[in-house]
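First the structure, then my questions, so here it is.
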Amino acid sequence: MATAKKQRLMSETPRELDLLEYVGERVTEIADLLQVVDNHDLPTGEVTQGPRTVLQRLPRHMRRRAMSYNVKRLPRSQRCFGISAIAKSTHRAKPPSRFHRRRASNLLNAYIRRQRRNAWLETHIWHAKRFLMRDIWGYRLAESSYQRGFRPAYRDSVRHCLVRDISYMRCLQLSGDERGLVDRLGHLCAKQLGPTIAFRAAQDGHVELSLILYRKDRYPMDCIGPVRLMWMPRHDSEDGDRTLWIWVHPSSAGQLLSELIDLFGLIKNDSRPLEQTTAGDNTKEAKPAEATSGAKKTRLSLDAHKVETMEGTTVEYSSGDRIKLTDLRDQLVRIRLSGRLSLCVLAQMLRLVDVRDAAARTASWMTESACATYADHHRRWQLVMSQQSPAELKDGVVTSLLIEDPRLSRPPKKGLCKEMDATRGVNEASGAIIPDGAIWSSTIRRQVLRDKMTESDLQKLRAESTVTLAVTSTKIPVLVVVRNGGAVADLNMGAGVDLIAPGGFGMPLWLAELIDGWTEPGESFYVLRDRAALKAISVWIEGKGAPVTDLVRTHRRALIAVSLNCAEGGCPGRRALICLPADDDRLTTQWTDEKRRIVECRDAPTTSATQELPVNKEQPTKRSDAFFEDFVSLDNEVEVSMQSLFPDKDAERTAHRKAQQKQRKQRRKDNSKSLRPTSPVAETTSPPADINVVDSCARPVIGFVVRGGFSFAVGRGRAVGYCSLAALERIVRGDVLFRNTTSKVYHSAKLSAMKLTVNI
Amino acid sequence: MVKFKNRYLLLEVITDDHVVTSKEQFNDSDVYFAMWEALSELHGDYGTGAAKQSLSVKVCNSATATVVARISRGSLEMLANSLCFVRKIGKHPAVIRTLHLGGSMRSCEKALLKIHRRRLLTSLPSAKTHQARRDIQQAIKASCGGQSEPDMPQSWPPDDD
């Protein structure tokens, strides 16, 4: 039986019963194969299913590689036959060459596309070549320079001038009945902090106020942030309507906007349709790439495009009682100069238009009264302001200037500003001169942008004239605002000037460095800003005033902005702990020979519940147990993970990272459930209830440092931070300790309350 | 510039009854998996890794129990070794016999054609009835593509009737 079966298997004969079926199947397969293999319609050796294409009809020795998309690869006589087939074939589209990608129009499109995620400032390209850029607040901003470090920047800020483009500041334009505006906005201000919006002297528009706004009637809680407020000068033909600009930092802009909407009951208008730019516009900007003039379709330069689209799609809100809010986002350029010589540099940079000369003022929108105003301002600028340092002028003074195209006055070589004239000191007894309101009008701004000459036209003009070109038809109204940080020049809040120009005129001549910005902490506690209170507290901390127990009781949950000055060593860093010294800590330098080094001995507790790294358990074997039958298993055998035997760093790292992510997700879930606003200070000052921060270290913690570092001004470590007001009672003569999060050593420092208010 | 050269294996699946019944039909993924397992058994991860890149079952005809598999030239030997160890396909016990090894699909088709023709011829003697014999003869004639074959007597073997 077995042999018979075997025979059958080895033989090729099928079983008898299925013979016909077997044959039938074979026949069909043979027929199919013949169709493929032995097709008589084709010459021998050919293998196609259907009619052959031109390429297949070519003899093999004439075929070339990749003929299907290039007709020139066919022999000449066959080309006419092959054209249609080749046209049909879709070859992979060659990506455009670098040259093609960098042509002006394509570049512009690329730039516009890249701005979808983060808006660019007008000076972006200049910065991008020289700085490390970062995405902050919806903008792409310069963070640190590749060329100049911190020390040269500091030197510049002290000796010359430091320039920065702060056009990312949001400008909100409010217009309406003056009385109504003042009354309602007064809810957002607090008298204790200084002048509010009701400040009469500022209402004619010659001064820009620096305010700190809170949510409606919520002072001292719920601070929105610092703003700068400027009134538009009164018009002759007014019906009691006034306009004002509020400049606010982008991080608090959203909050302010929603607060204003609530306050005035504003409703968003449907955005206006995009303004059609006429074909003959010269709206190309000075850029290295040559814009194609004379083309049928004018291509806007990047800035002009931006401004035109922005203005075309300006977001407007209006309420029933004629109050209108316009979001002038990205429509104005604001440049900040800080340092002693800011005004001097600006004076050299700006070429003023001679308004008395009728031929010079060719701007179509100029009126007689405006000319007179500009004449006044120009005179004052030239005689007084450009000779002084900003620290000597009143804070917030606004000057309106009419300047020529800044490209004309660009010096061939970069040079330092000349020193200030020693015969300064002319007093500004002329009083407040009201600035001109040209820049406030969006039509004028747009007109000025349209009048702006293209780079190619400018070059043509320059080529034609033998004399250096001094004047073009572009006249730009700008505002210059003096910034004087306040009574006490503290840390990096140097005095300087701001230049406000209409959008589209990113100024070419300037040095840009970056100063670390001031971040406004969140408000789960609140920061005490009451000037009188702060003054009392600072005096008391120095040891010269009366104790402030009443204040402490009323402001139990207040934080105070403090500054730390290190005694000897140590450099406070971010989030360093400010601690109270113990009684027996020798802090003064008199005891240097016996000075102890105060070291943290306790392990810092983690702020979240410690979680073990999940152990990588080996996957349960898929093989059946039968595989292991041969192995002798002992009773006390334990499954050991491969990870523990042969620790794989990568696997460990990924496991750790996954655990961290899970923790973070969990924390985020928990946070979103609670209503606590997330903010950097809230994280550190209001930890979860079960962690006692104060007693977590060797010395009681009273506050945290927000920013700190080595100060070149004093040659020691300095820091700025927040302390709890209640703890200040326990401080003696301002002696505190601080410890960085990366160190175990405590250093001594002197604490003092910062009276200076936050300014932007 | 490098051309990846493959080898095409013409395989026959031999089941227990030597003919695949409708119950024992298999599809290409069954065959693939069977080859995969055999490769893994014999050559381990290296084998399966090499095979995964290139192994594919091109044709699978369970009615005629013919399979054409393609593999890269480098891994051919491994596959050829492991084909011996294929014991079942799908759920049914089967073995694989290699009929032809070629460099192109076309050569396998030509070989298959030859094999089928030869088998038709060899099946002729096992025809029991006259009708069956005649059908087979017709089939042979048709499969020759109209080319003349050596003259065959009208009835072979001689009729019984």
Side-chain angles (χ1 to χ4, degrees), chain A residues 1-50 52 56 60 63-67 73 619 621-624 626-628 630 642 646, chain B residues 1 3 10 12 14-22 59 61-66 68 93-95 97 99 102 104-129 131-147:
Chain A
M1 233 20 227
T3 47
K5 196 170 178 185
K6 194 173 164 189
Q7 269 177 13
R8 228 192 11 224
L9 279 173
M10 294 311 291
S11 77
E12 289 186 9
T13 53
R15 279 169 44 156
E16 296 168 15
L17 288 170
D18 303 331
L19 178 63
L20 285 180
E21 194 188 306
Y22 176 88
V23 167
E25 292 288 344
R26 271 14 179 222
V27 164
T28 33
E29 201 166 55
I30 286 172
D32 291 334
L33 288 173
L34 278 177
Q35 188 66 23
V36 175
V37 168
D38 214 10
N39 199 336
H40 284 293
D41 296 330
L42 300 171
T44 43
E46 291 303 324
V47 283
T48 55
Q49 283 186 343
R52 290 175 296 162
Q56 286 170 326
R60 282 173 201 265
R63 291 186 198 167
R64 294 289 170 264
R65 182 190 280 263
M67 290 185 292
R73 296 186 185 192
Q619 293 287 338
T621 53
K622 289 204 192 100
R623 292 174 188 260
S624 58
F627 192 76
F628 291 105
D630 297 340
M642 282 293 274
F646 307 103
Chain B
M1 266 303 283
K3 177 173 179 176
L10 183 66
E12 187 187 14
I14 303 171
T15 51
D16 206 20
D17 296 325
H18 195 74
V19 169
V20 175
T21 62
S22 52
V59 172
N61 191 346
S62 59
T64 53
T66 320
V68 175
V95 288
R97 175 202 278 164
L99 296 175
S104 65
M105 187 64 148
R106 198 175 149 74
S107 75
C108 284
E109 285 163 353
K110 286 206 271 198
L112 187 60
L113 200 56
K114 206 163 160 187
I115 289 166
H116 278 325
R117 281 184 184 152
R118 188 152 47 90
R119 285 192 187 173
L120 277 182
L121 276 177
T122 53
S123 70
L124 198 53
S126 56
K128 287 292 186 279
T129 63
Q131 179 65 30
R133 199 179 310 131
R134 197 165 294 160
D135 287 335
I136 293 176
Q137 282 172 346
Q138 289 281 3
I140 291 172
K141 220 173 175 178
S143 74
C144 291
Q147 289 164 10

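Given the structure is predicted, the values throughout are model-derived calculations rather than measurements. Note on naming: letters A, B, ... go to the chains in the order of the sequence lines (proteins, then strands), and numbering restarts at 1 for each one.
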All heavy atoms of A:Leu34 vs all of B:Arg117, minimum pair found to be CD2-NH2, 3.5 Å

Mind checking the CG-CG spacing from A:Asp32 to B:Asn61? Nearest 0.5 Å is all I need.
-> 9.0 Å

Atom pair CD1 (B:Ile115) and CZ (A:Arg26), whose distance is rounded to the nearest 0.5 Å | 10.5 Å

Whatever's closer than 4.5 Å to a heavy atom in chain A on B:Leu112 counts as both

Could you tell me the separation between the CG atom of A:Leu33 and the NZ atom of B:Lys114, rounded to the nearest 0.5 Å?
-> 14.0 Å

